[in-house]
Amino acid sequence: KYTDIKYIESIVNDKKSWIERKVQEQVNSQKNNYQDGDIIKVLGKSYILKISYTSNKRNALYIDNNYIYCNLYEYTQQTGVKESVKKLIDKYYRYIASQEVPAVMEDLKIRTGLSPVECNIKKLKATWGICSSNKKISINQNLMAYSRHAIEYVCLHEICHLKYMNHSKEFWNMIEYYMPDYKLAKKELKG
């Protein structure tokens with residue numbers, strides 16, 4: 001009630017990128033219903049979701065040309081198509097992350113001389129990556145919807161936290177040193 005308006009504005013400005021990211025996450029979470037014809041992104045490329053039903057009890061996903069096909073067990077129609085498709089896509093993102101992230105981390109380790117104690121792939125709810133104070137990094141598997149450039153940016157961002165556990169000028173200078181066009185990746189992740 002008695003707080004100076006400039007102080008409140010400074011707090012909001014300090015958290016501006018976090019607020020924008022949270023708003024975008026809400027928008028993104030409402031975009032995809034995992035229905036036939038939806039757009040699914042994989043490594044920055046858009047694919048049209050095609051759902052089909054089969055007597056095979058094992059659900060499967062594959063990509064061909066501009067389509068991502070989800071073959072679901074025929075009884076899935078009664079038990080939950082959306083959840084089954086979402087599980088297949090989550091599993092696929094995790095698989096891609098298990099290939100992409102270690103390669104990027106190894107490259108960054110060589111370039112920066114910094115290495116986390118461990119690096120995990122997880123389904124994070126509120127962020128693309130986390131670097132803990134005990135030097136463990138976690139990368140969000142859903143990042144695999146974005147381009148390799150965006151994936152490299154998030155990995156670099158977390159690697160730089162091994163040296164600077166903040167978002168200081170030195171931290172951003174370090175990111176810019178290793179990725180001069182990092183702002184393009186940030187923009188992709190926000191859009």
Side-chain angles (χ1 to χ4, degrees), residues 21-109 115-132 136-159 179 184-191:
R21 189 174 73 237
K22 293 297 174 192
V23 169
Q24 189 60 46
E25 285 172 13
Q26 286 297 317
V27 169
N28 289 343
S29 70
Q30 294 166 6
K31 272 186 201 172
N32 209 324
N33 294 317
Y34 300 100
Q35 295 175 347
D36 203 51
D38 279 358
I39 301 297
I40 305 292
K41 294 187 107 185
V42 177
L43 294 176
K45 186 172 189 267
S46 296
Y47 295 91
I48 300 167
L49 178 62
K50 287 289 192 187
I51 300 171
S52 60
Y53 300 94
T54 176
S55 58
N56 188 343
K57 290 183 179 179
R58 189 176 186 136
N59 293 339
L61 177 148
Y62 68 95
I63 291 179
D64 187 27
N65 292 323
N66 295 324
Y67 294 93
I68 187 164
Y69 295 93
C70 288
N71 293 336
L72 305 178
Y73 180 48
E74 57 197 358
Y75 291 107
T76 306
Q77 293 178 66
Q78 291 128 11
T79 59
V81 172
K82 179 179 178 178
E83 192 57 35
S84 295
V85 172
K86 187 177 182 324
K87 279 182 185 178
L88 282 173
I89 291 170
D90 284 348
K91 187 176 176 182
Y92 190 58
Y93 281 164
R94 190 171 189 82
Y95 169 75
I96 295 169
S98 74
Q99 307 297 307
E100 295 287 328
V101 173
V104 170
M105 285 297 196
E106 186 59 32
D107 176 61
L108 290 172
K109 176 182 168 183
S115 179
V117 171
E118 65 183 51
C119 182
N120 298 301
I121 310 298
K122 293 184 176 180
K123 190 166 184 179
L124 303 172
K125 291 187 185 218
T127 188
W128 294 121
I130 298 172
C131 179
S132 69
K136 293 180 182 178
I137 291 176
S138 294
I139 301 295
N140 190 334
Q141 69 185 38
N142 292 340
L143 183 60
M144 299 309 111
Y146 295 88
S147 70
R148 285 185 169 96
H149 186 248
I151 294 166
E152 183 180 351
Y153 161 71
V154 171
C155 292
L156 175 62
H157 185 108
E158 300 313 323
I159 286 278
M179 184 181 275
L184 293 173
K186 275 183 78 171
K187 187 176 178 180
E188 178 186 347
L189 293 168
K190 288 181 182 180

For N140, check side-chain hydrogen bond (donor to acceptor under 3.5 Å, both in side chains) against everything at least two apart and list the hits.
none
Listed partners of S98 passing side-chain hydrogen bond (donor to acceptor under 3.5 Å, both in side chains), at least two apart
none
Name all residues meeting the side chain to side chain contact (heavy atoms under 4.5 Å, CB included) criterion together with K45; count only those two or more places apart in sequence or in a different chain, and write none if there are none.
Y47, N66
For S52, give me all partners under side-chain hydrogen bond (donor to acceptor under 3.5 Å, both in side chains), at least two apart in sequence or on another chain.
N71
With a 4.5 Å cut-off on side-chain heavy atoms, are H157 and K186 touching?
no
S46: partners by side chain to side chain contact (heavy atoms under 4.5 Å, CB included), with sequence neighbours left out:
I39, K41
Residue set satisfying salt bridge (charged side-chain N to carboxylate O under 4.0 Å, His left out) with K123, at least two apart, ordered chain then number -> D90
Restricting to non-hydrogen atoms, name the atom on A185 and the atom on A150 that form the minimum distance, rounded to 0.1 Å.
CB-CA, 3.9 Å
Could you work out, with side chain to side chain contact (heavy atoms under 4.5 Å, CB included) as the rule, every residue matching D36, not counting sequence neighbours?
K50, I51
Name all residues meeting the ring pair (Phe, Tyr, Trp, His ring centres under 6.0 Å) criterion together with Y69; count only those two or more places apart in sequence or in a different chain, and write none if there are none.
Y62, Y67
Work out which heavy atom in L49 is nearest to a heavy atom in C70; give both atom names and the distance.
CD1-SG, 3.7 Å
Taking C-beta and beyond as the side chain, do Y153 and L189 meet within less than 4.5 Å on heavy atoms?
yes
For V42 against I63, the heavy-atom pair lying closest together
CG2-CD1, 4.2 Å
Mind checking what makes side chain to side chain contact (heavy atoms under 4.5 Å, CB included) contact with K122, not counting sequence neighbours?
N120, L124, S138
Do side-chain atoms of E158 reach the backbone of C131 as a donor and acceptor pair under 3.5 angstrom?
yes
Which heavy-atom pair separates M144 from Y93 by the least distance, and what is that distance?
CG-O, 3.3 Å
Polar side-chain atom of E188 near backbone of S147 as donor-acceptor pair, under 3.5 Å
yes
To the closest 0.5 Å, what do you measure between CG (L143) and CG (L43)?
9.5 Å
In short, L156 meets L108 closest at the heavy-atom pair N-CD1, 3.4 Å
Scan residues 91-103 for pairs that pass salt bridge (charged side-chain N to carboxylate O under 4.0 Å, His left out), counting only residues two or more places apart or in two chains.
E100-R148
State, to 0.1 Å, how close A60 and L88 come at their nearest heavy-atom pair, and which atoms those are.
O-CD1, 3.6 Å
